[in-house]
Amino acid sequence: MNVVATASTQAALGPVMLDVVGTTLDAEDIRRIRHPLTGGVILFARNYENRQQLTALTAAIHAARPGVLIAVDHEGGRVQRFKTDGFTRLPAMRSLGELWERDVLEATKLATATGFVLAAELRACGIDLSFTPVLDLDFGASGVIGDRSFHRDPRVVTLLAKSLNHGLALAGMANCGKHFPGHGYVKADSHTEIPVDERALKDIVGDDAMPYDWLGMSLTAVMPAHVIYPKVDAKPAGFSKKWLRILRKDFGFQGVIFSDDLSMEGASVAGSVTDGAHAALDAGCDMVLICNAPDKADQLLAELQADPAAAAVSATRLAALVPTAACADWDQLQQDERYRAARKLVQSLL
């Protein structure tokens, strides 16, 4: 069984999630992970060679900083960081939406199976959280979202996401809905551009953002979009007190709010990486991400001034995302009848 963190180590999580350079930790990685402001580590495909190496890497990260949250973007389809050496190829979420059109109950069943397989395999390798599900609506305009979306109808998105979240929870993993209030309407990719959505607040809240309201207590974390909605606020959603107040107050969301990656072009309007982190935390984010830029991560760790009271509240929220139950290792997982049945279902979609 994999070891999990104790509540005392979870409570020390800082507000910064950063990445590591390669497939093993070097001295600089360890220094950053051990920094008091660090609370999470995100992994990418470059950090993966095979399962044995991945498991050793996550063990080393947890040894360097017990209780740190290890996360990954592992949704299925074209956004799946680990695809070889036994990892199940997960379907794009659109395929579940297409199945919904033919058989509603079968689609929800397969969504649960997909969430379970996704989470069970990651947890068996020492990963705590995947940034999934995508709650953006499929307007047919966004290339960066595209088949990552379940459906155009927010009701279908909500019910398929809820089923996927159930599967994650069965394997002991939290969830993270993204990208609030919605990235599906705009064509621009916030990795390389600054998307602008000119719609009115009522149109966005009454359509794109509804899954965040309807999912209610089943949603444990949210990541806002690096999209500007100028009829609501001049700032992208992740830096906007107005948008995060809607999430917290109007929708009653009590979980963790992650910023999207501060190194993305969509975050550049906030200024330097430190300016962006301060803006995101001041707006209401609990944790900020800085990826693919070790020099900027060092700058952020050196310059960020976190508010102690807000950081304490955020640390409590973040602790709830760290798995508290032990999980099967990979060999044990392969003998689990529930996993084998779920995997067979998932593979039927491919």
Peer 1: Can you name the side chain to side chain donor-acceptor pair (under 3.5 Å) partners of E121, sequence neighbours left out?
Peer 2: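 Result, side chain to side chain donor-acceptor pair (under 3.5 Å) vs E121: T88, Y339.
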Peer 1: Tell me whether D147 contacts the main-chain N or O of A92 through its side chain, where contact means a donor paired with an acceptor under 3.5 Å.
Peer 2: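 It does not hold such a pair.
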Peer 1: D208 pairs by side chain to side chain contact (heavy atoms under 4.5 Å, CB included) with which of H179, R199, H183?
Peer 2: R199
Peer 1: Please check this pair: side chain of T55 against backbone of R51, looking for a donor-acceptor N/O pair closer than 3.5 Å.
Peer 2: yes
Peer 1: Indicate yes or no for a side-chain donor-acceptor contact from Q299 to the backbone of T274 under 3.5 Å, with no hydrogens or angles considered.
Peer 2: no
Peer 1: Between E75 and K178 (salt bridge meaning N to carboxylate O under 4.0 Å), is one present in this structure?
Peer 2: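 Answer for the salt bridge query: yes.
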Peer 1: Specify whether F82 and F87 have parallel, tilted or perpendicular ring planes, treating 30° as the upper limit for parallel and 60° as the lower limit for perpendicular.
Peer 2: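 Geometry flag for F87 against F82: tilted rings.
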Peer 1: Ion pair present between D73 and R81, side-chain N to carboxylate O less than 4.0 angstrom?
Peer 2: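 Salt bridge: yes.
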Peer 1: At what distance, to the nearest 0.5 angstrom, does CG of L349 lie from CG of L90?
Peer 2: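 So the CG of L349 and the CG of L90 are separated by 10.5 Å.
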Peer 1: Distance from L96 atom CG to L159 atom CG, nearest 0.5 Å?
Peer 2: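 The distance works out to 12.5 Å.
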Peer 1: In terms of heavy-atom contacts, does CZ of F253 have more than 12 from other residues, nucleotides or ligands at under 6.0 Å?
Peer 2: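 Enclosed.
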Peer 1: Do D138 and R152 sit within salt-bridge range, that is, some charged N less than 4.0 Å from a carboxylate O?
Peer 2: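 No, no charged N to carboxylate O under 4.0 Å.
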Peer 1: Under the 3.5 angstrom rule, does the side chain of T58 hit a backbone N or O of I127 as a donor-acceptor pair?
Peer 2: no
Peer 1: What's the spacing between I33 CD1 and L18 CG if we round to 0.5 Å?
Peer 2: 7.0 Å
Peer 1: Test L99 against every option in K109, E106, R94 by the side chain to side chain contact (heavy atoms under 4.5 Å, CB included) rule and name the one that passes.
Peer 2: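 Only match with L99 under side chain to side chain contact (heavy atoms under 4.5 Å, CB included): E106.
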Peer 1: Is it true that, when you exclude K83 itself, more than 12 heavy atoms of the residues, nucleotides or ligands shown sit nearer than 6.0 Å to its NZ?
Peer 2: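 Yes - once you tally the heavy atoms of other residues, nucleotides and ligands closer than 6.0 Å, there are more than 12.
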Peer 1: Is there a donor-acceptor pair closer than 3.5 Å between any side-chain N or O of Y212 and the backbone N or O of F180?
Peer 2: yes
Peer 1: Just verifying a value: how many Å separate L54 CG and C125 SG, rounded to the nearest 0.5 Å?
Peer 2: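 If we round to the nearest 0.5 Å, L54:CG and C125:SG are 5.0 Å apart.
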Peer 1: Could you grab the distance from atom CE of M287 to atom CE of M223, nearest 0.5 Å is fine?
Peer 2: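 Output value for this atom pair is 10.5 Å.
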Peer 1: Compare every heavy atom of L13 with every heavy atom of V68, then report the nearest pair and how far apart it is.
Peer 2: CA-CD2, 3.8 Å
Peer 1: Going from CG on L244 to CZ on F239, what distance comes out if it is rounded to the nearest 0.5 angstrom?
Peer 2: 10.5 Å
Peer 1: Given salt bridge (Lys or Arg N to Asp or Glu O under 4.0 Å), test D136 with R148 step by step and report yes or no.
Peer 2: CA-CA 8 Å; D136 301 315; R148 297 165 66 191; over 6 Å; no
Peer 1: Test: salt bridge (Lys or Arg N to Asp or Glu O under 4.0 Å). Region: residues 217-245. Which pairs qualify, not counting sequence neighbours?
Peer 2: none
Peer 1: Quick one: does D19's side chain have a donor or acceptor within less than 3.5 Å of a partner on I42's backbone?
Peer 2: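 Not a single qualifying donor-acceptor pair exists.
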Peer 1: With a 3.5 Å distance limit and no angle check, can you tell me whether T158 reaches the backbone of P154 through a side-chain donor-acceptor pair?
Peer 2: yes
Peer 1: Should we count CZ of R89 as having more than 12 external heavy atoms under 6.0 Å?
Peer 2: no
Peer 1: What are the two closest heavy atoms between V117 and R343, and how far apart are they?
Peer 2: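 In terms of heavy atoms, the two residues are closest at CG2-N, 3.6 Å.
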Peer 1: Given 3.5 Å as the limit, does a donor-acceptor pair link the side chain of D29 with the main chain of D26, or not?
Peer 2: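 Pair found, side chain donor or acceptor close to backbone of D26.
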Peer 1: Between D260 (side chain) and A225 (backbone), is there a donor-acceptor pair under 3.5 Å?
Peer 2: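 Not at all, since once roles are kept as given, no pair shorter than 3.5 Å links the two residues.
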Peer 1: A side-chain contact here means heavy atoms from C-beta on lying under 4.5 Å apart; do M93 and V134 qualify?
Peer 2: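 They are not in side-chain contact.
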Peer 1: Could you check if a side-chain atom of H74 sits within less than 4.5 angstrom of a side-chain atom of T132, using non-hydrogen atoms only?
Peer 2: no
Peer 1: Please check this pair: side chain of S149 against backbone of I145, looking for a donor-acceptor N/O pair closer than 3.5 Å.
Peer 2: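 Side chain of S149 to backbone of I145, a donor-acceptor pair under 3.5 Å: no, none is there.
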Peer 1: Just checking, any donor-acceptor pair under 3.5 angstrom between side chains of H151 and E98?
Peer 2: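 Short answer, no.
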Peer 1: Quick one: are the ring centres of Y229 and W243 less than 6.0 Å apart?
Peer 2: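 Yes, close enough.
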